[in-house]
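Quick notes on the structure that follows.
Convention: sequence-line order gives letters A, B, ...; per-chain numbering from 1. Just so it is clear, the values below take in all heavy atoms, side chains as well, and ignore hydrogens, waters and symmetry mates.
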2 protein chains.
Amino acid sequence: MLKVVTVEDMALGKDYVTQECSIARALEVVGERWTLLVVRDAIYGVRRYNDFLVHLGIPRAVLSARLRTLTEEGILDKRRYQESPPRDEYVVTERGAALWPALRALGQWGREYVDGSRLRIFRHADCGGDVEAYGTCAVCGTLVPVADVVMVPGPGLDSAPADPVSRALLRPKRLLEPLETDPAQPAH
Amino acid sequence: MLKVVTVEDMALGKDYVTQECSIARALEVVGERWTLLVVRDAIYGVRRYNDFLVHLGIPRAVLSARLRTLTEEGILDKRRYQESPPRDEYVVTERGAALWPALRALGQWGREYVDGSRLRIFRHADCGGDVEAYGTCAVCGTLVPVADVVMVPGPGLDSAPADPVSRALLRPKRLLEPLETDPAQPAH
DNA sequence: CATGTAGGTTCAGTGAACGAACCTACGGTG
DNA sequence: CACCGTAGGTTCGTTCACTGAACCTACATG
């Protein structure tokens with residue numbers, strides 16, 4: 001029996017088949033459920049498995065799958081930061097950070113047309129101006145690169161969240177820089 | 001029997017539960033598979049059920065579901081354009097057109113980091129300048145509103161596609177304006 | 001040696017996507 | 001009138017992905 005290899009063997013229903021479109025190509029990579037939220041957290045500075053887990057409330061199996069494919073796609077970089085016990089962290093790459101304009105635009109739309117309240121405010125680190133709708137600084141007018149964005153909590157944000165990652169994100173922080181969570185209080 | 005209504009009754013797994021984040025809010029609305037591609041087509045000027053169907057290659061049941069929820073969400077407007085036989089069209093609203101910056105940013109990322117080839121080129125209708133990475137015009141520098149964008153085929157695009165919608169999209173066209181497909185050739 | 005923590009994998013159940021078939025309403029043609 | 005074509009759907013069985021819970025490994029600590 002001759003087995004002909006066809007397009008259908010291309011694995012899964014992840015691909016938007018004949019779409020000749022860079023939006024579709026992008027969504028093939030980051031369009032699955034949870035994926036863009038993992039990238040968002042990575043840009044916010046989340047790097048560790050458990051921090052993604054508690055902050056996103058994502059099933060472990062799905063988180064493992066997303067971290068693996070994002071690493072394979074070169075959007076995250078998995079690297080060992082201590083040997084004993086072996087611990088890895090996932091650091092966003094340039095390719096991943098380049099998704100920031102898309103995420104910011106989505107967030108802008110969500111705030112304007114879905115939510116209404118101001119949850120997080122993004123400021124230009126150099127001059128303190130607000131980052132506006134299209135990514136420019138309201139004060140100096142320059143197009144603010146993701147590494148020069150400082151995130152501060154907005155008035156609509158819960159000021160005493162349950163999980164330590166959300167609490168750490170209440171402090172003003174520069175994007176891409178690693179998030180420092182409070183050391184867990186000893187049960188004693 | 002007392003039936004207590006709980007969070008689990010909230011229908012489906014569509015919601016990113018406790019996410020206090022406008023990106024998550026946006027993705028709750030437009031984050032399902034196919035949804036952003038339907039909005040993209042609507043912004044490109046596609047308005048009719050069958051045009052979405054052949055251009056996207058989407059299962060009919062899924063298309064019906066997406067058109068329904070997008071209409072309910074006020075992103076598309078379903079309206080009757082002829083009475084006999086009854087025919088409806090789906091027109092993108094202001095709320096839907098406001099997704100353009102996010103779609104453009106996603107497409108920009110796809111072109112830079114996934115695909116490489118230039119499939120579609122967006123120009124400022126007023127002056128003919130290219131629309132750049134962050135939505136500004138390369139010539140006059142203004143932030144180009146979606147209604148002033150003209151889409152022309154790029155060098156990477158197939159010049160003789162099979163379906164009539166892709167063929168119609170080869171002609172330069174202004175975004176949001178209705179797409180005019182070739183009348184189907186009579187079989188005779 | 002028991003307990004805790006980080007970072008996973010495995011598995012059964014469920015909900016969503018898929019593709020094919022079918023249905024309705026109408027217009028045009030012979 | 002019978003038949004075909006088209007637009008815009010719905011229905012249905014199968015497959016696939018997401019979910020939540022349980023389990024596993026490696027190491028550190030008391």
Quick note, A:P59 side chain, CB onward, closest among C:dG7, C:dC26, D:dG20 is D:dG20
Could you state the CD-P distance from B:E32 to C:dG15, rounded to the nearest angstrom?
15 Å
More than 12 heavy atoms of other residues, nucleotides or ligands under 6.0 Å from CD of A:E112: yes or no?
yes
Can you measure B:L63 atom CG to D:dT10 atom P for me and round it to whole angstrom units?
10 Å
Walking DNA chain C from its 5' end, the first of A:D88 and A:A61 to be reached, judged by nearest nucleotide, is A:D88
Rounded to whole Å, CG of B:D51 lies from P of D:dA7 at a distance of 8 Å
B:L56 and B:W34, any side-chain heavy atoms less than 4.5 Å apart:
yes
NA contact type, B:F52, heavy-atom cut-off 4.0 Å: base, sugar-phosphate, or nothing?
nothing
Among C:dG7, D:dT6, D:dT10, which nucleotide has an atom closest to any side-chain atom of B:S64?
D:dT10
Spell out, yes or no, whether B:Y134 and A:L175 are grouped together once hydrophobic residues are joined by side-chain heavy atoms under 4.5 Å, including indirect joins.
no
Measure from CG on B:L53 to C1' on D:dT10 and round the result to the nearest Å.
13 Å
Which whole-number value in Å describes the distance from B:Y81 OH to C:dC26 P?
15 Å
Can you see if the side chain of B:W34 gets near the phosphate of C:dC18 - specifically, an N or O under 4.0 Å from OP1 or OP2?
yes
Assign A:A65 to base, sugar-phosphate, or nothing according to its heavy-atom contacts below 4.0 angstrom with the strands shown.
nothing
Mapping B:N50 and A:P85 to their closest nucleotides on DNA chain D, which lands nearer the 5' end?
B:N50
So what does A:R66 hit on the nucleic acid, given a heavy-atom distance under 4.0 Å: a base, only sugar-phosphate, or nothing?
sugar-phosphate
Would you indicate which nucleotide in D:dA26, C:dA25, D:dT19 comes nearest to any side-chain atom of B:P86?
C:dA25
When you measure only distances, ignoring hydrogens and angles, does the side chain of A:R60 come within 3.5 Å of the base of C:dG7 through a donor and an acceptor?
yes
OP1 or OP2 of D:dA26 less than 4.0 angstrom from a side-chain nitrogen or oxygen of A:S84, does that happen here?
no
Side-chain N or O of A:K78 versus OP1/OP2 of C:dG7: is the shortest distance under 4.0 Å?
no
Starting at atom CD of A:E83, determine the distance to atom P of C:dA6, rounded to an integer number of angstrom.
18 Å
With a non-hydrogen cut-off below 4.0 angstrom, is A:V62 in contact with a base, only sugar-phosphate, or nothing?
base
Send over the distance from A:L67 CG to C:dG8 P, rounded to a whole Å.
7 Å
Rounded to the Å, how far apart are A:Q82 CD and D:dA26 P?
16 Å
Heavy atoms, side chains only, cut-off 4.5 Å: are B:F52 and B:L67 in contact?
yes
Are OP1 or OP2 of D:dT19 and a side-chain N or O of A:R33 less than 4.0 angstrom apart?
yes
OP1 or OP2 of D:dT10 under 4.0 Å from side-chain N/O of B:Y49:
no
For the backbone of A:P85 and the side chain of A:Q82, can you confirm whether one donor and one acceptor N or O come within less than 3.5 Å of each other?
yes
Could you go step by step and tell me if A:R104 and A:W109 meet the side-chain contact (heavy atoms from CB on, under 4.5 Å) rule?
CA-CA 9 Å; A:R104 209 189 33 66; A:W109 185 85; over 6 Å; no
With a cut-off of less than 4.0 Å, is there a side-chain N or O of A:Y90 near OP1 or OP2 of C:dG8?
yes
